[in-house]
Structure formats: structure tokens, C-alpha cells
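Quick notes on the structure that follows.
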Amino acid sequence: MQQINHQHYTHSCPSASLDYIIEPWFLGGGATGPGGSEFKEWADDSTSKYGTVFGTAVGDLPDPKQPRCALISGRTADNPRLFKECIDAKCSTIFLEKPGAPTVAELQLMKEQAEEAGVGVLMGYNKVRNLVGIETILCHLYRACALCSFHF
């Protein structure tokens, strides 16, 4: 489980905010398994300190009030669906973990969906596990979106 230190990245990118985190596993079937209680503690703390909203589905997000970025860190098999859901949720930029999709055909479809919607796509961070790395990603997203909110 990757936890994000809000103060660390907002200090580096003060116009950024982490508004939503979509996590179906730890908010669903994995809530009582390994890591579930730690995730809940962190989520509760993030909500109370920063107002971050946690949910289980991208489709439940409200319409954005400013440009919305998404960082997809899911199972490769789920990425094409999550990618399309992020486009439907009006994300202007998507940072997609490699390899992105199980097949070249799915990647091609995702490329076409992004082009049709005018969505920028950055790819290849491969589950950054340290705050220096996540800060770099968030700053790249920030520059790509210009005054946007980050949605995970």
C-alpha cells in the first residue's frame, strides 16, 4: 500500500490538492485483511486533516470544478476500464502505470479514446515507493494540468 504525505507534496506544488482517492480493495473486501486497518487509519487521518474524500469507484466522483488529473495504479487487466472511467470523469491528464493494458489492441483503443477526448496521457512510473519519487510525479502532473487537483 502506497501512502501519500499531503504536506510533503503540497509544499512542493502549493497549488495542488489531493481531493479524491479511489480504493475499492481496502474500502471493500480487503478492509479486514492485511493492511486494511492501517489503510483505514491513514484514510481517516487524511480526511480529517486535509478533507480528502475516499471512494470505491471513479464513476462516483462529482464533476470537476477545475482541471482534474488521475494517476492510475491498478492491476494491468483493470487499467483499460479505469482509463475509460477517468476520461468519463472529465480528467484532462492521466498518468498511467506501465504496462498500461494487457494487449497492444487495448492500448491502441485507449490511445484513441484519449485523443478523441483531448486527454493527455503520461505513462511509465511503475509504483513509486518513496516520497521523492511521488513528489516528482505530482510535479509533472501539476505542470501538465496547470492549477489542477490530483485524483488517485
Nearest 0.5 Å please: distance from the [atom1] atom of [X] over to the [atom2] atom of [Y].
{"X": "Phe95", "Y": "Ser73", "atom1": "CZ", "atom2": "OG", "answer": "11.0 Å"}
{"X": "Cys86", "Y": "Gln113", "atom1": "SG", "atom2": "CD", "answer": "11.5 Å"}
{"X": "Ile94", "Y": "Leu122", "atom1": "CD1", "atom2": "CG", "answer": "10.0 Å"}
{"X": "Ile87", "Y": "Ser92", "atom1": "CD1", "atom2": "OG", "answer": "11.5 Å"}
{"X": "Asn79", "Y": "Lys84", "atom1": "CG", "atom2": "NZ", "answer": "15.5 Å"}
{"X": "Lys98", "Y": "Leu96", "atom1": "NZ", "atom2": "CG", "answer": "11.5 Å"}

Pair Val53, Asp19 - check side chain to side chain contact (heavy atoms under 4.5 Å, CB included), show working. CA-CA 6 Å; Val53 176; Asp19 299 328; over 6 Å; no

Nearest non-hydrogen partners of [X] and [Y], listed with the distance:
{"X": "Pro80", "Y": "Ala101", "result": "CG-CB, 3.8 Å"}
{"X": "Phe83", "Y": "Ala114", "result": "CZ-CB, 3.9 Å"}
{"X": "Leu27", "Y": "Gly55", "result": "CD1-O, 3.3 Å"}
{"X": "Leu61", "Y": "Ala89", "result": "CD1-CB, 4.5 Å"}
{"X": "Pro62", "Y": "Tyr20", "result": "CG-OH, 3.0 Å"}
{"X": "Arg68", "Y": "Asp63", "result": "NH2-C, 4.0 Å"}

Contacts of type side-chain hydrogen bond (donor to acceptor under 3.5 Å, both in side chains), residue [X], not counting sequence neighbours:
{"X": "Asp60", "value": "none"}
{"X": "Glu115", "value": "Lys111"}
{"X": "Thr47", "value": "none"}
{"X": "Glu112", "value": "Gln108"}

I want to know whether Phe54 and Trp42 have ring centres closer than 6.0 Å.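 Yes - the distance between ring centres of Phe54 and Trp42 falls below the 6.0 Å cut-off.
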
Can you list everything that forms a salt bridge (charged side-chain N to carboxylate O under 4.0 Å, His left out) with Glu85? Sequence neighbours excluded, please.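 Result, salt bridge (charged side-chain N to carboxylate O under 4.0 Å, His left out) vs Glu85: Arg81.
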
May I have all residue pairs that pass salt bridge (charged side-chain N to carboxylate O under 4.0 Å, His left out) and include part of residues 40-54, sequence neighbours excluded?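 Non-adjacent pairs meeting salt bridge (charged side-chain N to carboxylate O under 4.0 Å, His left out): Lys40-Asp44, Asp45-Lys49.
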
Any donor-acceptor pair under 3.5 Å from Glu106 side chain to Thr103 backbone: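 A pair under 3.5 Å: yes.
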
Are Val121 and Leu109 linked, directly or through intermediate hydrophobic residues, by side-chain heavy-atom contacts shorter than 4.5 Å (ILVMFWY only)?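 Leu109 does not cluster with Val121.
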
